[in-house]
Structure formats: structure tokens, C-alpha cells
Amino acid sequence: MTETTLSLKEAEQEVQGLREQINDHNYRYYVLDDPTIADASYDRLMQKLKSIEADFSELITPESPTQRVGAAPLKEFGQIRHELPMLSLDNAFNEDDLNDFDRRVRERLGIGSQVEYACEPKLDGIAVSLLYENGVLVRGATRGDGTTGEDITMNVRTIGSIPLQLVGNDWPARLEVRGEIFMPKEGFEKLNQRAKTRDEKVFVNPRNAAAGSLRQLDSKVTAKRPLDMYCYSAGIVEGGELPEKHADILERFKTWGLRINPEVRVVTGASACADYFSQMSEKRESLPYEIDGIVYKVNSLAQQEQLGFVARAPRWAIAHKFPAQEEMTVLKDVEFQVGRTGAITPVARLEPVFVGGVTVSNATLHNMDEVARLGLKIGDTVVIHRAGDVIPKVVRAIPDRRPDDARDIELPERCPVCDSEVEQDDEAAARCTGGLYCSAQRKEAIKHFASRKAMDIDGLGDKLVEQFVEKGLVSTVADLYKLTVDPIASLERMGKKSATNLVSALKVSQKTTLARFIYGLGIREVGEATAQSLVSHYRDLEAIKSATTEQLQEVDDVGPIVAAHIEKFFQQEHNLEVIDELLKVGVHWEDEAEPEEDVAQPLEGEVWVLTGTLHNMTRDEGKAALQKLGAKVTGSVSAKTTALLAGEKAGSKLTKAQSLGIRVVTEDEFVNLMQEWQQ
Ligand code: IVH
């Protein structure tokens, strides 16, 4: 039966059924996060509805799911006066501010007991108001100045997760829902990527992108932008009632198809608020959207009413802000650092600035391509970004603030440390050609050799290595093992005792494993995993030393570039001399056991990640145990991860694994499993 043969009555019934199905699927998809049909089947329902509506235009209503996009562009936005003002929030910048807030709340309420708070992420987006009349979305407005906002009805209608028609029928006849429209991080990145390839303007952050997308006079443009919304409070409520606690109102919203932030929690007392704050600080990076703090709200509406408002903010809520992740400062100079493999990195010397919770005075600029991309000059005012424990970055310069005497940044032609020539390699990197003649490369090579994952020389820190090289006590890694107590004891901040300790630590480190030794040599692109693969494949040093580029590529994870670096390393006479010297001064390891042929490793093909604190073993021991059983161990969780071993205080990796549905193993479970696997 084709659609045109339907009678009006049949069409009406059909349209109603389809709309109900589509709304129900939207609800499952956006609110419950539990879709029950494939995208293609959903598209078919929409197509069917569209085709019936095309034949029976009298059945089209504004709340039909087909009617999200299509209105003609506006000339300008209309103004909307908020019947109830949209307030702002007072800020707390630390735990003292939070405790003061809690104290004021309790004093005003005249209670000694703890107060119940709803804790929610403070979304970094645009505050909006949605008005539903008889369950139908009739108006969307920006917050504006809190009293008057702009009419963005046509634009909010294009946002898939905002219901045009509320689910159920127990909503108040007039209901104003407030919340934040934002652009998820992933959508923002994609939007900017696309803008870049088309040479269009990129947005500086998701918040600006969300604001720019909402302020489009042509709603067809908004419809193409990845916007989303979480609802966080009610405004007008007429012809119906809402629950008496804030968190219950949000739950009720959810039943009506309105999206609620899944991180909302109800807690008791200020210290529980502070706990929530630290948990969310950890989780912040892994959330799919940006937040700039936490909002604590007194949960009981009766108590909220009792507390009332002051100026433009409620006394019953406060925004606890994360330290700003972006700040402006001045680029005072650029210096060039020489790394272990000679790579020359421009480093920004900054006017110290407090950002992301710490004072930053240096930031890496990676390479000269990055300097050019940022269009930087010395003297520029720059924006520094520091998120979580991530290395601070210069994200952009502010051209308007460039002083007249701003200077160009130039790559030196000769190494700033050893004066050897600098060559540009095929990638963006510039390199000092001095090799181990360059004291900077020597220092870095020795630091790497001594580091925890290499020879693990206890007590041999960076400062000491620098002194050894500067004083001429050590020029190759083998010289370390020839050190005696007296010359060490005479160095800055060293005494007889620490010198003796270092000499014994050096002795202890002589017994190592071949994989640590290979890693410690600092061959370009050979990290721990590659070193381990080389050892598993060849099992002895001589075999690795004499392998050709072609043979090396048979090793897991070794491609032509890495293979070439390895071959080149072992072809250089001075490297072979240092290795011989190391063996002569007593560095040794046990032979690698031949793996038993044909016995499948229990964790063959699996990819594990370790995180958090372990109690029965160190993380390195856990890692070694997993590798012995055939697993590959990597540093970050991705779709390829088989399992995550999560110790105590596991943070963002755990969250990510959970969100990807990856198996999470506790330390206790792991210990049991190890016993099983080793049998
Ligand atoms: S409640 C009277 N909850 O923060 C309380 N606001 O400075 C009004 N915001 O303009 C707001 N996330 O844009 C509330 N979970 C949240 C929020 C939130 C972000 C924004 C909102 C408002 C500003 C207040």
C-alpha cells in the first residue's frame, strides 16, 4: 500500500504512531543513553513520517520531529524578557570559600546539623531557558543580562537532544526549563578540523563555538553544529507541581525526556562537597565536555526559599571554580634546549603566571614549525594553557598587544651548547650534529641511562649528572661505574655518606636485565616496549648488535625507521666501545630463557594498561609479570585495550576504561589471576 492511498484518518493515526516511536527512540538515545534501534531504522521511520506529511500537509505540527530545521533565516533576534530573572552564581575559589559558604547557609537556616547539597559540574557553555506549554516547546531564549535575552527558538529546535514535545503527560502545563547548551569536545575538534581544511576561521574553545553556533540568524547553520544540552533547574512552573528537592526535580525532568548531567550527586556536608570536587577534578580531562568548576546547591527547595537571594545570586548555591586553565603572560625570551638525541627544542621563557593551579615560567614550543604556526615574536603577549598535569603550552599570541620592539625567533645555526652545526632533519626537528661530543647530549644520555626504567641508579639525580659532566668526572655512561667516593663527596650538596650510598647504588645497578640495558643505551625511537621486543626476539646482545635493518623489521613493532636507527647505533665505533666498557666494569644480566616452543602464552595478543597504586608489587613488577605472560603493556587506555589493572586511587584511565566498557581488574583479582595463569 503506498502512502497516497491512505485516508486522512489513517494518515493521522499513522503519523501519530510514527511520532511516538521517534520520540521514544530519541528519549532512549539522548536521555537513557540506551538506543534500541540502529541509525538506519531510525532514519527509515523519519523518512516514512516525512513522506506522509508531504502528502497530508494539514497534519504537520511544529512539534513534529520532522520540523526541527527549515525556517527562513531571521533578520535579527527578537528580545525576550524573562518572567523570572535568570540569576548568576557567587564563586568559591578554594576550600575555605566553600566552608564559609556552608557556614553561612547553616547560620541562616539556624541549624547545627549538616546540610544536604546537590553537586553538579559547572558546564562551560551558554545558559538558556526553554519554555514548554502543554508539553510542547514554544520558546528558547538566551540568558542575556539575566533580565532580557534573545529569542533563539529556531536554533534550539535544531538540537536533537532537546525534545520538541515532552514525554509522558504529568508535566506542568507551563514549564520553563533552564540549562546549559554546550559543544562536546569531540564535536568541537571536528568542527575546527573542517574549518581548517577549508581555510575558515577556527573557534578558540568549545564555549565560543557553542555561542557562535547559537547566535546564527540562519538556523540551518546551527543545525549542522554538534550542540548538546544538560538541564539544571526550573523557572516558571504553572499548572502542575515539581518535587521538593532539587535532585528529584532533575530526575523528574529525565522522565520527561530532558537531558540531565549523569554526574549529579547528592551529598551531606561541606567536606563531602570537597570530596566530590576532587573526584571531578580528576575526572575532568576524561569528560566529553568542558567544565570550569562545580556547583553546590542546597538540595531542599524549602531551605532554598528560606535562604533567598542577595543581589543577583542565590544564597543557596555557589560555583566552586577550578583554577583557570588559560592565562595571558609575556614571552620574555626563547631559548634552545638540546635533548638526548640532539633534537633542538625552542623553549619559551615567560613572565611567571599562575595557571591550572601552578606558577608557570617555561613552556615548550616543540619546534620551529610550531613557532611559525603561532606567529610568535619575543615580547608578544601569549595565552598559556595548562590542564591537569599536562605540560604547559603556548596556545596563541595576541597580535594587538605586540610591542614595537618585538623580535623574531630564529633557529641558531650552531648548537648553543657545543657549537656543532645544526641540521634540519626530514621531520620538523632541528638537531645538533655533535653527538656525544655535545655535553648537553651527554648529560641527557647519562640521565636516561640512570633513570628508573633503565639502570635504575638510586640517588643519581639530574643535578648530580650535570655536575659530573661539567666537572669532567664522567663523559660516558661507563665512567659512572669507575667513580669513587672522594670525588663525589666533594661535589655541591654531597657528603661522604651520600657519596658512599651512590657508589653502592651503582654497584647494585650493575645487575640488570638485557631489556633495561638496551633501553638505557638511548637508541633513537627505542622505548621500553621496543627494547623488550628486541630481547624477546633475539635473546642476546650480540644478535641484536649484528642484526641488519631488514632482519630487525621482523621484530614486533619495529618498522623501517626504528630498524635504521638501531642498525646505525650499533655501527658507530664509539657506541660499541662504551658497551664493551660497560661490560668490563661489571654490568651484567642473566641469559634470557628460551621461550617454550608451541606453548601458547596465557595473555598472548592482549593489551593491558596499569594505573593507580598497587600494594603487593610495584607497577614495574606488575608490568613485567604481564609481559612474561605474553601481554603487551601500554600507557594509555584506548579501544584496543583488553584490560585495565586498576590499583588504588585510579583516576582518569579508570573512567575512560569504564566508558569504553573495557574489563577492569582490581589488584586482588589480579593476584588471583596470576596464580591461575602461572600454573
Ligand atoms: S545553576 C541560580 N547549575 O553558571 C542558579 N548554573 O554563574 C543559576 N552554569 O549562567 C545557575 N553549569 O550558565 C547552574 N550545573 C549548573 C551550571 C550552571 C553552568 C552556569 C550558568 C549560569 C552561570 C552562573
Side-chain angles (χ1 to χ4, degrees), residues 80 82-93 97-98 101 104-105 117-130 140-150 152 156 162 176-184 205-211 213-215 227-237 242 245-251 253-254 258-267 273 276-277 279-281 283-284 287-301 303-322 324:
I80 285 182
H82 299 295
E83 288 177 42
L84 297 171
M86 287 183 79
L87 301 166
S88 61
L89 291 169
D90 270 346
N91 290 326
F93 294 102
D97 293 350
L98 159 62
F101 161 74
R104 288 193 303 270
V105 165
Y117 293 104
C119 306
E120 346 183 316
K122 184 170 187 297
L123 298 155
D124 206 4
I126 310 299
V128 297
S129 144
L130 305 176
T142 60
R143 172 174 180 273
D145 63 5
T147 314
T148 313
E150 281 175 332
I152 50 162
V156 297
I162 296 180
E176 183 198 0
V177 178
R178 293 173 175 182
E180 198 89 349
I181 291 183
F182 58 93
M183 189 175 286
N205 57 39
R207 207 193 90 85
N208 284 10
S213 304
L214 269 187
R215 290 201 80 263
L227 295 172
D228 206 339
M229 176 170 181
Y230 281 132
C231 303
Y232 52 63
S233 70
I236 306 160
V237 182
L242 291 181
K245 290 194 171 184
H246 173 76
D248 296 338
I249 296 180
L250 298 187
E251 283 304 314
F253 278 179
K254 208 167 149 177
L258 296 160
R259 243 159 94 81
I260 307 304
N261 191 310
E263 309 294 341
V264 177
R265 298 284 178 278
V266 175
V267 307
C273 289
Y276 178 86
F277 184 84
Q279 282 157 25
M280 291 306 293
S281 307
K283 207 170 180 182
R284 182 181 184 189
L287 290 174
Y289 45 83
E290 293 215 328
I291 64 175
D292 59 352
I294 298 298
V295 186
Y296 312 116
K297 301 174 180 171
V298 170
N299 199 22
S300 148
L301 293 206
Q303 287 181 336
Q304 286 189 3
E305 207 162 309
Q306 217 180 319
L307 289 159
F309 301 87
V310 55
R312 306 186 52 76
R315 285 204 192 86
W316 44 263
I318 199 157
H320 189 171
K321 302 287 281 277
F322 293 129

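Ligands are counted one by one from 1 in listed order, and the atoms in each one are counted from 1 as well.
Contacts between K122 and ligand 1, counted as non-hydrogen atom pairs separated by less than 4.0 Å, involve both the backbone and the side chain. When non-hydrogen atoms are compared, ligand 1 lies under 4.0 Å from the backbone of P121 (N, CA, C, O) but not from its side chain. The proximity of L89 to ligand 1, defined as any non-hydrogen pair under 4.0 Å, involves the side chain as well as the backbone. Only side-chain heavy atoms of K297 come within less than 4.0 Å of ligand 1; its backbone N, CA, C and O stay farther off. By the criterion of a heavy-atom distance under 4.0 Å, neither the backbone nor the side chain of M86 is placed next to ligand 1.
Between Y117 and F101, the angle of the ring planes lies from 30° to 60°, which puts this pair in the tilted group. Note: Y230 and Y289 have perpendicular aromatic rings, judged against thresholds of 30 and 60 degrees for the angle between ring planes.
Atom 8 (C) of ligand 1 has as its closest protein heavy atom L87 O, 4.0 Å. Looking at atom 6 (N) of ligand 1, its nearest protein heavy atom turns out to be Y232 CZ, 3.5 Å. The protein heavy atom nearest to atom 15 (N) of ligand 1 is E120 OE1, 2.7 Å. Among all non-hydrogen protein atoms, the one lying nearest atom 20 (C) of ligand 1 is E180 OE1, 3.6 Å. Nearest non-hydrogen protein atom to atom 2 (C) of ligand 1 is P314 CG, 3.4 Å. For atom 12 (N) of ligand 1, the closest non-hydrogen atom on the protein side is L123 N, 3.0 Å.
Among all heavy-atom pairs drawn from E263 and Y276, the shortest one is O-OH, 2.8 Å.
Ring centroid separation for the pair F322 and F277 comes in under the 6.0 Å cut-off.
Looking only at side-chain heavy atoms (C-beta outward), K297 and H246 come within less than 4.5 Å of each other. Side-chain atoms of Q306 and Q304, non-hydrogen and from C-beta on, never get closer than 4.5 Å to each other. For the pair I291 and K122, the minimum side-chain heavy-atom distance is 4.5 Å or more.
Each of the atoms 10 (O) of ligand 1 lies under 4.0 Å from some heavy atom of R143.
Screening V156, T148, I152 against T142 for a side chain to side chain contact (heavy atoms under 4.5 Å, CB included) leaves a single residue, I152.
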